[in-house]
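Here the structure comes first, spelled out in structure tokens, and everything after it is commentary.
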Amino acid sequence: MSETIDSLLTESRKFPPPPEFAAAANASDPGIYGEADSDWQGWWTGWAEKLDWFSKWETVCVWDQPFSQWFVGGKVNACHNAVDRHVLRGNGGKTAWIAEGEPGDIRVFTYADVHREVQKVANALKALGIGKGDRVCIYMGQGPELCLAMLACARIGAIHSVIFGGFSAKSICERANDAQAKAIVTADGLWRRGKVIGLKKIVDEALEMGCPTVEKVLVHQRVGAGGPEQSNWKEGRDIRWGEAVDPQPADCPCEPMDSEDVLFILYTSGSTGKPKGIVHTTGGYLTGTMATSKLVFDYKDSDVYWCTADCGWITGHSYVVYGPMCNGVTQILYEGAPDTPDKDRFWRIVERHRATILYTAPTAIRTFMKWGEEFPQRCDLGSLRLLGSVGEPINPEAWIWYHEFIGGGRCPIVDTWWQTETGAIMITPLPGITVTKPGSAGRPFPGVSASIYNEAGDDLLATHGAPVGGFLVLKRPWPSMLRGIWGDNERYRQVYWSKFSDAYFAGDGAKVDADGDFWLLGRVDDIMLVSGHNISTMEVESALVDHHAVAESAVIGKAHEIKGQSVAAFVILKSHVEASDTLNMELRAHVAEKIGSLARPDDLYFTADLPKTRSGKIMRRLLRDIAEGRVLGDVTTLADPAVVAALKEQHDEKEG
Ligand code: WT7
């Protein structure tokens, strides 16, 4: 960690907001920080009042640490706020989605179109027996139907649990069972790099593993040939989208939900293996996502906004569906890969639809850097006025490249720090106010209280002031905070509220500089951040050990130029098994099959033993040193120092 701090200290470039941008910005008065801080409940109330409520709340916030409730007693519906109210106010003709499929098909939906379609989907779900409080898994590629399925659930009060379309059958099965899902909404397939990924077949496999609560599978026909007919179609259980949705009337009233009713569950990897079902409720979540998107992305009526995240992740929930749509924005949805048919695809999309705001991840930016500026330079990116980044720390080189080659030197960059758990952006520049610095996420959003603690739980920022580094915590409740882990409140306490007695522990390290700007330093525990996605080392280890040839394994995240981190695995084989290149490949494929290809180890080393402390804890720090080819750190606490020497030799041989 000290290394990162050192290198950050050398970053001194500053980018004040361009004056024309600041003059027109939704937030231009720095005074809002102080105002929000002195009356944070009042600040959030002001935002909640911008939503439509069926009936008003009685209490703004009930804080019974670690459980918060917001706008208690209020009645509200997320779909109404994202869709209906724009139509009711005469803005039905405004474009909601410009949806581009990977093969190049383009579909445009106005808010009135979404309003009509979502009611039909909602009625179809009802006809399948789904009602308020039922859980529905959604496993689809990015596109209008995925968003419609989410909004339709919200409309009738069903709880959606979106599962990223790259996840495996086992992941679906695990998530469907944890949430006791009644139905799965999926598609015959999705397009990825010119090929079809057969989603329905993967759902079939998941159901064969045993998901006793799943009664219905609704299948959107996205790819046609190679679709449902070739999967294991079960009449009675499986229903085609066209047959279920098309005949429905476009008339389905929004269910008045309690502000604290669950809107969705989203599973995220945990350090102890089993994914955690992060629970978000309705009124506070909408308030937080609407407020942050309005001020951070500075939406104007004329904007064409593009968040490249898939709805399988929290970014797609908060900054594709709920935040932007509550603001009535026009946005781009893109289904596929950034290099299909060529490495300029993103820039073609920006040019074609005149995108004004782009929100993407550092892992993508580093990939574009590697491909070279010739690709963005082929296109007219002059429509862009604001750029965003999320998912992991953005290294200053990538920031500068993004600023210069995508933003043409004129667009502010908002580097937004937040988590699945926080629901909305927590630390971020405000583009009309903040003097940005490459690599810094700026300050806590107005109303949010972030600080830096040490191991002992002292508030270093409050007592010593900046500059200071340590554990990032959030000190007061915020409306979009997670309400717990589905079915496991004890785990919720333990994961987020046991390290410190009086603050939410985010699991990240951070530094605050003398100006009060935050610099994120990554996860402090053993979660890997691969291409912007959290993968638990523990889950990959379990997948490896699940293979009959493997006795034990240790997995680490290794620094990777493009992905941020890549997975490296150290494997001890069972005694009768011979190590071979074939087995090496087989084990890596096994991980991909068990938990998804994101988790496939790039490097896999066979070893006779693992470096452990005397108490038997694997020393990941040493494994990281080995995998990254560094001189070995302190080995004095090792049970058997010969183990690392042998591993290091193997690594050096491989790298030449
Ligand atoms: C973790 C949360 C929030 C949506 C995407 C990831 C890392 C996220 C930043 C940023 C540095 C960041 C943190 C965080 N992270 N944004 N701007 N700078 N790190 O959501 O999967 O819940 O992961 O992503 O480590 O804790 P997630």
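Counting from 1, the numbers follow the sequence of the chain as shown. All ligand and atom numbering here is 1-based and tracks the order in the structure.
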In terms of relative ring orientation, are Tyr299 and Tyr305 parallel, tilted or perpendicular, with 30° and 60° separating the classes?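 Plane angle over 60°, so perpendicular.
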
Can you say whether the rings of Tyr322 and Tyr285 are parallel (under 30°), tilted (30 to 60°) or perpendicular (over 60°)?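 Answer is perpendicular, since the angle exceeds 60°.
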
Can you list the ligand 1 atoms lying under 4.0 Å from a non-hydrogen atom of [X]?
X: Ile314; value: 4 (C)
X: Thr416; value: 9 (C), 10 (C), 16 (N), 17 (N)
X: Thr420; value: 20 (O), 21 (O), 22 (O), 27 (P)

Ring centroid separation Trp371 to Phe368 under 6.0 Å: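 Yes, the ring centres sit under 6.0 Å apart.
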
Heavy atom to atom 15 (N) of ligand 1, shortest distance: which of Gly391, Ala506, Pro362 holds it?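 Minimum heavy-atom distance to atom 15 (N) of ligand 1 goes to Gly391.
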
If you measure from atom 9 (C) of ligand 1 to every heavy atom of His317, Gln419, Glu392, Glu421, which option wins on shortest distance?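 It is Glu392 that holds the nearest heavy atom.
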
Got more than 12 heavy atoms from elsewhere within 6.0 Å of CD, Glu628?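 Atom CD in Glu628 is packed in, count exceeds 12.
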
Backbone or side-chain N or O of Thr315 under 3.5 Å from ligand 1 N or O: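 Checking ligand 1 against Thr315, no N or O pair falls under 3.5 Å apart.
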
Got Cys137 and Ile172 here, is their nearest side-chain heavy-atom distance under 4.5 Å?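 No, every pair of side-chain atoms sits at 4.5 Å or beyond.
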
Over-ring placement of Arg345 relative to Tyr334, 6.0 Å and 45° cut-offs: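 No, a cation-pi geometry is absent between Arg345 and Tyr334.
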
So which bit of Pro393 gets within less than 4.0 Å of ligand 1, heavy atoms only: side chain, backbone, both or neither?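 The answer is both, backbone and side chain.
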
